Amino acid sequence: ELSAQLLDLPVYKQACEAERNSVSGRPVSTRRDMTPTATTALVLALTLAHHASLAAAAGPRVIIVGAGMSGISAGKRLSEAGITDLVILEATDHLGGRMRKHNFGGVSVEIGANWVEGVNGGKMNPIWPLVNSTLKLRNFRSDFDGLAENVYKETGGVYDRAYVQKRLDRANEVEEGGAKLSAKLRPSGQDDMSILAMQRLNNHLPNGPASPVDMILDYFKHDYEFAEPPRVTSLQNVVPLATFRDFGDDVYFVADKRGYEAVVHHLAGQYLEADKARNIVDPRLQLNKVVREISYSGSGVTVRTEDDKVYKADYVMVSTSVGVLQSDLIQFKPRLPAWKVLSIYQFDMAVYTKIFVKFPRKFWPEGKGREFFLYASSRRGYYGVWQELEAPYPDANVLLVTVTDEESRRIEQQSDNQTKAEIVEVLRSMFSGEDVPDATDILVPRWWSDRFYRGTFSNWPIGVNRYEYDQLRAPVGRVYFTGEHTSEHYNGYVHGAYLSGMYIRRRLMPNAEFQMTYMAPWR
C-alpha cells in the first residue's frame, strides 16, 4: 500500500512534469531558479479562487502557523497581494522564531541566528539593507584571516602557523575541486555524493581526517557551517554554496540590544497594527497558540490549538521548522500522503549550539587576527570553535564556543554546571601558561530539546535529489508549507527563511489551462 501511495503522484508533480516538457525540451525542475515558492502558489491560488467566486469557509481566509521570519514574511506578501483576512498562530510568547535575543551578563546576545551571511558580493542579500541601513543594527564583520595562527594544542600552546596553513590550503584546494566536480553532475541529483566521498576522490584524507589539526580544520569548514559532518552533507547542493556565491563571502555578526529579531518585528509592523512603542497589537497575531491539529478537505481547513480553540479558513500555511514536522507536535487529518511524509523525513534538521561563557577577567589573546581560535582536540567537535567578543561587547569578558550535532545533543542533556566544568578544563589545557579562572556564568541554548523547534536549521543531506526536494515544498490540498527548509537556494539561512515567504517570481505558463490546473487549489 505504501509503495502504491508513493507512486500515486499528486497534481503538483504532474504539473511539474508538464513544465519540464514545455520549456525548450529541458527539465526546468532541475534548475534552482525555476521552482515555485509556497507563497507564490498560495497567492495565485487565492486570486484564482477569488475570481471564481469560491465559497469562503468561516473565519479568516488564511491561517499562518508560526511567527518566525518565514511566517511573518509570508503574511506580508499575502497582505501586499490584497489578502488581509488572515490570522497568525504562534506557539511561543514572542515573534522571531529562531531569531532570539537573550540578556546574558549585562549584554544582549543572540541564542539563535547571529550573522548576516553573504555580503559584499555581486547581488544584495535582502537581509543586509534591513539590518545595516533601515534598522541600523550594530554589526561587526567577522575576521577569519588569522585562523592559521590560532589553532591550539590539547597540551597547550599553538601549532606552527606554516603547518596549519599548509593543511588549510590543501583543504581549500580540495573544495575548489569539489566545486568543479559538482558542476559536472547531472542536475537531477542522481550522481550526488557526500562531501566526504568527494574528499576521498581527491585523495584528501582518504580515511577521513585523523590528526587533531585536520579534524578541527575539517570541522571548521563544514560542521561549523552546516552543523553536520561531511559524510552527511550533499556535495551537489552545497558546493559551491549559493549564499556566498551569490551575495559575497563576508559575514556580519549582529550585536544590538534590540536583537536580530528586530528585523522580524520591522516586517510585521508593515502590515500588522502596532502601538506607539512599535509593539504589535494586531489581533490577527495570536501568541501562545500551540497548533496541535490541522484538518483539511477540498472546501477548507480547520486548525485546533492546545487550548482547544478552533480556527477555520480557506487555506493554512505551515511555517514551522522541518524538525517540528518530523515530530508528533502537529497531527494532520487526514494523514499527509506517503510521498509528503517521506520527503519530510528524508531532510535533516541540524543542531548548532552557541554557548556563551562569562569570566571575571580576560586571559585570551585579543586584537586583529585573534577573533576566532580553534581547539584541536583528538575528539572531533569537542568545544572546537571559539570566538572572542571584545568588539561587540567591550569589557563583558564573554567567550562564545560553538558545538554541533551529537555534541549539541549530549550537552543539552547534561547540567549547565557540567558543561561549564568541561569548558573551563578545555580552556586550561589550551592556555596552560595562564591563570584561567572559573567561569562565573554560562548560557546553553537547547534548541533540539524544544518541542517548538527540534533543532536550529535544516541541512541538505546526501540522498535527497531536486525532485524529492520539490515534494518537501509541495502543498497538500489546501495545506501549504514554507520556512527556511523550503528555500532551495538558501536553506538554513535567515535570508532563505525571508525569501521563502517573500520572493515571488513569474512562472513559465505554457497555456491558460495549465495555469488553472497548476495554480488552482490542489484537490
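Each residue takes its place number in the sequence, starting with 1. Everything numeric in this text was worked out from a predicted model, so none of it was measured.
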- Report the C-alpha distance between Val251 and Val119 in whole Å, list the side-chain angles of each, state the deciding distance to 0.1 Å, and finish with yes or no for side-chain contact (heavy atoms from CB on, under 4.5 Å). CA-CA 6 Å; Val251 301; Val119 181; over 6 Å; no
- Task: Take Asp250 and Phe244 through the side-chain contact (heavy atoms from CB on, under 4.5 Å) test and state the conclusion after the steps.
- Result: CA-CA 8 Å; Asp250 288 340; Phe244 299 127; over 6 Å; no
- Task: Determine, stepwise, if the pair Phe144 / Phe220 fulfils ring-ring contact (aromatic ring centres under 6.0 Å, His included).
- Result: CA-CA 11 Å; Phe144 302 102; Phe220 176 76; 5.8 Å; yes
- Query: What's the verdict on side-chain contact (heavy atoms from CB on, under 4.5 Å) for Ser182 and Leu235, showing C-alpha distance, side-chain angles and the deciding distance?
  - Reply: CA-CA 7 Å; Ser182 179; Leu235 170 71; 4.2 Å; yes
- Could you please spell out the steps behind the salt bridge (charged side-chain N to carboxylate O under 4.0 Å, His left out) verdict for Glu434 and Arg428? CA-CA 8 Å; Glu434 300 289 336; Arg428 285 173 177 164; over 6 Å; no
- Worked verdict on Tyr469 versus Trp460 for ring-ring contact (aromatic ring centres under 6.0 Å, His included): CA-CA 9 Å; Tyr469 190 76; Trp460 196 315; 4.4 Å; yes
- Message: Evaluate Phe226 against Tyr352 for ring-ring contact (aromatic ring centres under 6.0 Å, His included), listing each step before the verdict.
- Response: CA-CA 8 Å; Phe226 306 115; Tyr352 186 101; over 10 Å; no
- Item | Pair His102-Phe356, ring-ring contact (aromatic ring centres under 6.0 Å, His included): steps then yes or no | CA-CA 11 Å; His102 187 93; Phe356 295 88; 9.0 Å; no
- Test Trp448 against Tyr453 for side-chain contact (heavy atoms from CB on, under 4.5 Å), laying out the working first. CA-CA 7 Å; Trp448 176 63; Tyr453 303 104; over 6 Å; no
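Listed by chain and number, the residues in a side chain to side chain donor-acceptor pair (under 3.5 Å) with His265 amount to none (sequence neighbours excluded). Every residue two or more places apart in sequence or in another chain that forms a side chain to side chain donor-acceptor pair (under 3.5 Å) with Asp246 is listed here: Tyr490.
Closest non-hydrogen pair, Val164 versus Leu217, comes out as O-CD1, 4.0 Å. Heavy-atom minimum distance, Met69 versus Tyr498: CG-N, 3.5 Å. Taking every heavy atom of both residues into account, Ala376 and Ile216 meet most closely at CB-CG2, 3.9 Å. Heavy atoms only, all atoms of each residue included: Ala67 and Leu95 are closest at CB-CD2, 3.5 Å. Across all non-hydrogen atoms, the minimal contact from Pro365 to Phe431 is CD-CE2, 3.5 Å. Across Arg138 and Ala391, no two heavy atoms sit closer than the pair NH2-O, 4.0 Å.
Atom CG in Leu285 sits 4.5 Å away from atom CG in Leu287 (nearest 0.5 Å). Once rounded to the nearest 0.5 Å, the distance linking CG of Asn465 with CG of Asp192 reads 9.0 Å. In this structure, the separation between CG on Asp145 and CZ on Arg370 is 13.0 Å, given to the nearest 0.5 Å. In this structure, Thr402 OG1 and Tyr224 OH are separated by 4.5 Å, a value rounded to the nearest 0.5 Å. The line from CG of Leu342 to CG of Leu336 is 12.0 Å long, rounded to the nearest 0.5 Å. Rounded to the nearest 0.5 angstrom, Asp256 CG and Leu137 CG are separated by 4.5 Å.
The pair Lys289-Glu306 fails the salt-bridge criterion, with no side-chain N (NZ, NE, NH1 or NH2) lying under 4.0 Å from an Asp/Glu carboxylate O. Between Arg380 and Glu407 there is no salt bridge, since no side-chain N of the basic residue sits under 4.0 Å from a carboxylate O of the acidic one. Between Asp416 and Arg446 there is a salt bridge, since at least one side-chain N of the basic residue sits less than 4.0 Å from a carboxylate O of the acidic one. Salt-bridge annotation for Asp218 and Lys221: absent, with no side-chain N of the basic residue lying under 4.0 Å from a carboxylate O of the acidic one. For the pair Asp405 and Arg409, the salt-bridge criterion is met [side-chain N within less than 4.0 Å of a carboxylate O].
Donor-acceptor pairing under 3.5 Å is recorded for the side chains of Glu412 and Ser449. Using modelled atom types and a 3.5 Å distance limit, the side chains of Ser500 and Ser487 yield no donor-acceptor pair. For the residue pair Arg466 and Asn237, a side-chain donor N or O sits within less than 3.5 Å of a side-chain acceptor on the partner. A donor atom on one side chain and an acceptor atom on the other are found under 3.5 Å apart for Glu422 and Gln414. There is no side-chain donor-acceptor pair under 3.5 Å between Asn397 and Arg361. Between the side chains of Gln165 and Asp169, at least one donor N or O lies within less than 3.5 Å of an accepting N or O. For the residue pair Asn288 and Glu90, no side-chain donor N or O sits within less than 3.5 Å of a side-chain acceptor on the partner. Thr243 and His495 form a side-chain donor-acceptor contact under 3.5 Å, judged by distance and modelled atom types alone. Residues Ser458 and Asn491 have side chains that bring a donor and an acceptor to within less than 3.5 angstrom of each other.
Ring geometry for Tyr382 against Tyr375 counts as tilted: the plane angle lies between 30° and 60°, on a 0 to 90° scale. Between Tyr383 and Trp386, the angle of the ring planes lies from 30° to 60°, which puts this pair in the tilted group. Between Phe332 and Phe481, the ring-plane angle classifies as tilted under the 30° and 60° cut-offs. Classification of the Tyr159-Tyr163 ring pair by plane angle, with boundaries at 30° and 60°, yields tilted.
Side-chain N or O atoms of Asp214 include none that pairs as donor or acceptor with a backbone N or O of Arg167 at under 3.5 Å. Proximity of a side-chain donor or acceptor of Gln331 to a complementary backbone N or O of Asp328 within less than 3.5 Å is detected. Panel note: side chain Lys354, backbone Glu110; a donor-acceptor pair is recorded below 3.5 Å. In this structure, Asp143 contributes its side chain and Glu371 its backbone to no donor-acceptor pair below 3.5 Å.
Looking at Pro229 and His222, their side chains never come closer than 4.5 Å, going by heavy atoms from C-beta outward. Contact of the Leu181 side chain with the Met193 side chain is registered, since non-hydrogen atoms from C-beta on lie closer than 4.5 Å.
Checking each of Leu499, Thr486, Val494, Thr482 against Ser70 for a side chain to side chain contact (heavy atoms under 4.5 Å, CB included) leaves exactly one that passes, namely Thr482. Shown are Thr233, Asp348, Thr404; of these, the side chain to side chain donor-acceptor pair (under 3.5 Å) with Asn459 is made only by Thr233.
With Tyr393 as the aromatic partner, Lys358 does not meet the cation-pi criteria of under 6.0 angstrom to the ring centre and within 45 degrees of the ring axis.
Every pair passing ring pair (Phe, Tyr, Trp, His ring centres under 6.0 Å) that includes a residue from residues 107-129 is listed here, sequence neighbours excluded: Trp115-Phe253, Trp128-Tyr252.
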